[in-house]
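The structure under discussion appears below in the form of structure tokens.
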Amino acid sequence: GAVVSQHPSWVICKSGTSVKIECRSLDFQATTMFWYRQFPKQSLMLMATSNEGSKATYEQGVEKDKFLINHASLTLSTLTVTSAHPEDSSFYICSARARTASYEQYFGPGTRLTVT
Amino acid sequence: QKEVEQNSGPLSVPEGAIASLNCTYSDRGSQSFFWYRQYSGKSPELIMSIYSNGDKEDGRFTAQLNKASQYVSLLIRDSQPSDSATYLCAVKNYGQNFVFGPGTRLSVLP
């Protein structure tokens, strides 16, 4: 149990275009989903937290108009990188937290974005 | 600023030895503690969670928590080359998000 999927697993796009990444909890309802970014050899950086039906809460320094997050249901959250630039190239990972008291987070497999 | 600290490593141990990974945290109100393993190029996977002081064992893994010392550790017995990865410590206080440490890179030498 506790499987989180992400799609696509990797994407290459041209500078100035937008890219949408989907995150799904496959076998549980996720009250909260998290979006992280990880640059090579660096730790996870939390970008935003989203609760189903609510606006996402962005971490300091993350542009909410550039990284659009939609948590449409208890099993789906999307991250759209708008007007992507080469510096947005990174490994984007979502995680989901179930409706339990354990607070455990389960990570998706990640999406590697390359902006040319 | 709530912080979670880990030795970045690399920590090198021979195959079959015990690997000891340490993590300290600054938020004394933290209540939930997690260890994740991350292979290069992959996303983190949950290994252990611990909520109470003492030891918690799961197979070759033992998590140890000492809230008074604000210290959590992960022991890996009979280390295998496949255990070579970065291990992330995560700490959570009630109503707040996870705070991840920078990770410790473990290398198990055959």
Side-chain angles (χ1 to χ4, degrees), chain A residues 1-10 21 23-25 28 30-51 56-62 79 89-98 100-114, chain B residues 1-10 21 23-25 27 29-52 56 58 61 63 65 72 74 84-107:
Chain A
V3 177
V4 178
S5 70
Q6 266 184 258
H7 178 80
S9 56
W10 60 270
I21 303 170
C23 176
R24 293 181 184 273
S25 57
F28 66 100
T31 51
T32 307
M33 287 186 170
F34 306 87
W35 287 96
Y36 293 86
R37 182 167 51 182
Q38 188 174 38
F39 293 105
K41 298 190 186 301
Q42 295 187 22
S43 190
L44 297 168
M45 292 173 50
L46 179 64
M47 300 176 65
T49 303
S50 73
N51 294 295
T57 301
Y58 290 82
E59 294 299 298
Q60 192 172 7
V62 178
L79 166 67
S89 298
S90 187
F91 192 41
Y92 291 85
I93 313 172
C94 73
S95 73
R97 187 167 73 205
T100 68
S102 67
Y103 300 112
E104 292 173 351
Q105 282 187 33
Y106 298 92
F107 285 87
T111 296
R112 191 161 300 283
L113 170 64
T114 302
Chain B
Q1 175 102 12
K2 298 181 177 59
E3 292 182 347
V4 177
E5 296 184 351
Q6 296 179 255
N7 188 324
S8 61
L21 304 163
C23 172
T24 58
Y25 58 94
D27 183 2
S30 299
Q31 300 176 331
S32 307
F33 307 86
F34 307 86
W35 282 100
Y36 286 84
R37 176 176 62 198
Q38 186 175 24
Y39 292 111
S40 181
K42 303 292 185 182
S43 67
E45 59 176 316
L46 180 66
I47 301 176
M48 298 272 296
S49 57
I50 186 167
Y51 306 96
S52 305
K56 179 180 178 182
D58 184 359
F61 299 98
L65 175 60
V72 57
L74 179 70
S84 298
T86 296
Y87 289 80
L88 302 170
C89 170
V91 173
K92 185 186 184 312
N93 197 347
Y94 180 76
Q96 299 180 10
N97 290 329
F98 277 28
V99 178
F100 280 91
T104 297
R105 191 155 54 93
L106 172 67
S107 178

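Labels below follow one simple rule: chain letters A, B, ... track the order of the sequence lines, proteins then strands, and each chain is numbered from 1. All values below were derived from every heavy atom in this structure, side-chain atoms included, with hydrogens, water molecules and symmetry-related copies excluded.
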Which bit of B/Lys42 is near chain A, if near means a heavy-atom gap under 4.5 Å: side chain, backbone, both or neither?
-> backbone

What residues, two or more places apart in sequence or in another chain, satisfy ring pair (Phe, Tyr, Trp, His ring centres under 6.0 Å) together with B/Tyr87?
-> none

Could you tell me which non-hydrogen atom of B/Tyr36 sits nearest to which non-hydrogen atom of A/Gln105, and how far apart they are?
-> OH-O, 2.6 Å

Where B/Ser43 and A/Phe107 come nearest, the two heavy atoms and their spacing = OG-CB, 4.2 Å

Output the distance between atom CG (A/Leu46) and atom CZ (B/Phe100), rounded to the nearest 0.5 Å.
-> 8.5 Å

Contact residues of residues 33-45 of chain A (partner chain B; heavy-atom separation under 4.5 angstrom) = A/Phe34, A/Tyr36, A/Gln38, A/Ser43, A/Leu44

Most contacts with chain A, counted as non-hydrogen pairs under 4.5 angstrom, among B/Arg105, B/Glu45, B/Gln31, B/Lys92 = B/Lys92

In terms of heavy-atom proximity below 4.5 Å to chain A, should B/Gln38 be classed as side chain, backbone, both, or neither?
-> side chain

Could you pull out the closest heavy-atom pair between B/Ser49 and A/Glu104, with the gap in Å?
-> OG-OE2, 2.9 Å

